[in-house]
A.B. asks: 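So that we are looking at the same thing, I have put the structure below in structure tokens.
Keep in mind that the numbers below use all heavy atoms, side chains included, and drop hydrogens, waters and symmetry copies. Counting convention: from 1, in listed order, for ligands and their atoms alike.
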Amino acid sequence: MKLTEVKHPLVQHKIGLLRAADISTRQFRQLAAELGSLLTYEATKDLPTEQLTIQSWNGPCDVQQIQGKKVTVVPILRAGLGMLDGVLDLIPSARISVVGIYRDEETLQPVPYFQKLAADLDQRLAIVVDPMLATGGSMIATIDLLKQHGCQQIKALVLVAAPEGIKALGEAHPDIELYTAAVDQGLNEQGYILPGLGDAGDKLFGTK
Ligand SMILES: O=P(O)(O)OC[C@H]1O[C@H](OP(=O)(O)OP(=O)(O)O)[C@H](O)[C@@H]1O
Ligand SMILES: O=c1cc[nH]c(=O)[nH]1
Ligand SMILES: [Mg+2]
């Protein structure tokens with residue numbers, strides 16, 4: 001699996017702000033969306049472009065455009081929704097495939113509860129977004145689902161990744177690409193990432 005920890009100063013700065021204990025719901029939402037954009041910028045660096053000639057103010061001009069690659073963004077409910085707007089800011093015409101999965105607090109196993117996928121997944125690049133890659137169970141289950149529906153090109157964007165989740169994801173899906181703003185130390189006994197962000201879903205939705 002190709003792993004990219006994005007070291008851009010803006011990414012490093014914003015992920016640092018996100019870790020503050022006293023961060024407001026509003027600030028957390030804004031930073032998660034901004035980081036969604038910055039990770040999208042990095043993850044789309046290799047999208048193929050083609051040249052075409054347009055009429056500019058000064059006559060014909062050669063320009064580049066992205067080849068007709070279809071994209072679906074896949075937010076994993078709930079917390080993935082916090083990154084969705086940031087991705088759509090850069091890829092406004094992307095289709096959205098929603099996957100609802102929560103992690104059982106006792107077993108840490110992923111529990112699927114909703115799915116509504118875009119059509120033609122076999123022809124689309126899927127960009128899966130979820131702020132947290134902890135054990136990796138939720139991401140692995142989402143990618144299993146996308147592959148079952150024919151998806152062949154998958155990039156996952158997360159804000160914080162634990163080494164345990166990176167290892168599990170790489171073993172389950174070595175063909176995907178993972179982009180993260182931070183690789184953290186590891187998981188605590190409850191399966192939370194340290195230093196991590198705490199419960200990203202609760203922080204985004206103000207439910208704690
Ligand atoms: O890598 P894992 O061990 O599977 O853990 C990560 C998952 O846990 C969190 O979701 P949560 O279950 O809290 O649901 P929520 O987004 O609705 O809060 C997070 O947003 C990931 O989806
Ligand atoms: O640290 C973690 C792990 C799973 N889910 C979260 O929201 N945070
Ligand atoms: Mg949660």
Side-chain angles (χ1 to χ4, degrees), residues 1 3 5 14-25 27-36 39-40 73-87 96-117 126-147 154-174 176-208:
M1 179 178 73
L3 167 67
E5 186 179 8
K14 288 176 193 293
I15 198 77
L17 294 175
L18 210 48
R19 294 190 197 271
D22 61 351
I23 192 167
S24 68
T25 302
Q27 264 182 312
F28 196 94
R29 276 187 198 141
Q30 181 168 347
L31 288 164
E34 288 173 356
L35 283 162
L39 293 177
T40 300
V73 191
V74 187
I76 305 177
L77 302 181
R78 288 175 302 171
L81 290 178
M83 296 168 68
L84 177 63
D85 283 347
V87 181
I96 300 170
S97 299
V98 177
V99 174
I101 290 181
Y102 71 88
R103 189 173 76 152
D104 183 281
E105 283 180 13
E106 301 287 320
T107 65
L108 302 185
Q109 292 305 302
V111 183
Y113 59 91
F114 183 78
Q115 68 184 62
K116 187 78 184 174
L117 305 178
I127 300 179
V128 186
V129 292
D130 190 331
M132 312 306 282
L133 184 79
T135 66
S138 304
M139 184 62 76
I140 291 169
T142 301
I143 293 173
D144 286 344
L145 178 72
L146 294 172
K147 287 187 175 175
I154 300 170
K155 299 182 189 235
L157 315 186
V158 303
L159 302 186
V160 178
E164 295 90 329
I166 294 171
K167 182 167 181 288
L169 183 59
E171 285 170 3
H173 295 294
I176 72 136
E177 295 176 16
L178 174 66
Y179 294 82
T180 184
V183 176
D184 273 12
Q185 284 156 25
L187 302 177
N188 71 8
E189 282 168 8
Q190 288 78 44
Y192 277 84
I193 302 174
L194 297 177
L197 302 173
D199 191 306
D202 282 340
K203 288 191 169 174
L204 281 162
F205 286 85
T207 41
K208 213 164 211 173

A.B. asks: Under 3.5 Å, side chain of Glu34 to main-chain N/O of Lys14, donor-acceptor pair present?
C.D. replies: no

A.B. asks: Counting only nitrogen or oxygen atoms and a 3.5 angstrom limit, does Ala79 reach ligand 1?
C.D. replies: yes

A.B. asks: Among Gly198, Gly196, Ala134, Ala200, which one has a heavy atom closest to atom 8 (N) of ligand 2?
C.D. replies: Gly198

A.B. asks: Any side-chain heavy atom of Thr40 sitting closer than 4.5 Å to one from Tyr179?
C.D. replies: no

A.B. asks: For Gly201, counting its heavy atoms only, list the atoms of ligand 1 lying under 4.0 Å from any of them.
C.D. replies: 18 (O)

A.B. asks: Consider every N or O of Ile193 and every N or O of ligand 2, then say whether any pair is closer than 3.5 Å.
C.D. replies: yes

A.B. asks: Contact between Gly136 and ligand 1, counting heavy atoms under 4.0 Å?
C.D. replies: yes

A.B. asks: State the atoms of ligand 1, each with its element, that fall below the 4.0 Å cut-off from a heavy-atom position in Tyr102.
C.D. replies: 12 (O)

A.B. asks: What are the two closest non-hydrogen atoms of Lys203 and Leu197, and how far apart are they?
C.D. replies: NZ-O, 2.6 Å

A.B. asks: Under a 4.0 angstrom heavy-atom cut-off, which atoms of ligand 1 come close to Ser138?
C.D. replies: 2 (P), 4 (O), 7 (C), 22 (O)

A.B. asks: To check you understand the geometry: which heavy-atom pair defines the closest contact between Gly206 and Thr25, and what is its length?
C.D. replies: CA-OG1, 4.0 Å

A.B. asks: List the atom of Ser138, the atom of Ile101, and the distance in Å for their closest heavy-atom pair.
C.D. replies: O-CD1, 3.8 Å

A.B. asks: Can you confirm, on distance only, whether ligand 1 has an N/O atom lying under 3.5 Å from any N/O atom belonging to Ala134?
C.D. replies: yes

A.B. asks: Give a yes or no answer on whether the side chain of Asp85 reaches the backbone of Ala33 with a donor-acceptor pair at less than 3.5 Å.
C.D. replies: no

A.B. asks: Might you point out which heavy atoms bring Leu178 and Ile166 nearest each other, and give the distance in Å?
C.D. replies: CD2-CG1, 4.0 Å

A.B. asks: Looking at ligand 2, would Arg103 count as a contact under a 4.0 Å heavy-atom criterion?
C.D. replies: yes

A.B. asks: Check each atom of ligand 1 against the heavy atoms of Met132 and keep those under 4.0 Å away; list them by number with element.
C.D. replies: 6 (C), 19 (C), 21 (C)

A.B. asks: Looking only at N/O atoms, are Thr135 and ligand 1 under 3.5 Å apart anywhere?
C.D. replies: yes

A.B. asks: Going by the order shown, which atoms of ligand 1 are within less than 4.0 Å of some heavy atom of Gly137?
C.D. replies: 1 (O), 4 (O)

A.B. asks: Is Leu77 close enough to touch ligand 1? Criterion: a residue heavy atom under 4.0 Å from a ligand atom.
C.D. replies: yes

A.B. asks: Taking Ala134's backbone N and O only, do any of them form a donor-acceptor pair with Arg103's side chain (distance below 3.5 Å, no angle check)?
C.D. replies: no

A.B. asks: Using the rule side chain to side chain contact (heavy atoms under 4.5 Å, CB included), only one of Val128, Leu146, Ile143 pairs with Ile176; which is it?
C.D. replies: Ile143

A.B. asks: For ligand 2, which atoms, with element, lie under 4.0 Å from some heavy atom of Met132?
C.D. replies: 1 (O), 2 (C), 6 (C), 7 (O), 8 (N)

A.B. asks: For Gly191, counting its heavy atoms only, list the atoms of ligand 2 lying under 4.0 Å from any of them.
C.D. replies: 3 (C)

A.B. asks: Just going by heavy-atom distances, which of Asp130, Leu187, Ile140 is nearest to atom 21 (C) of ligand 1?
C.D. replies: Asp130

A.B. asks: Hey, does Leu35 have a side-chain heavy atom less than 4.5 Å from the side chain of Leu157?
C.D. replies: no

A.B. asks: Only pairs under 3.5 Å count here: list side-chain donor-acceptor contacts from residues 108-116, not counting sequence neighbours, and write none if there are none.
C.D. replies:
none

A.B. asks: If I apply the N/O under 3.5 Å rule, does Tyr113 come out as touching ligand 1?
C.D. replies: no

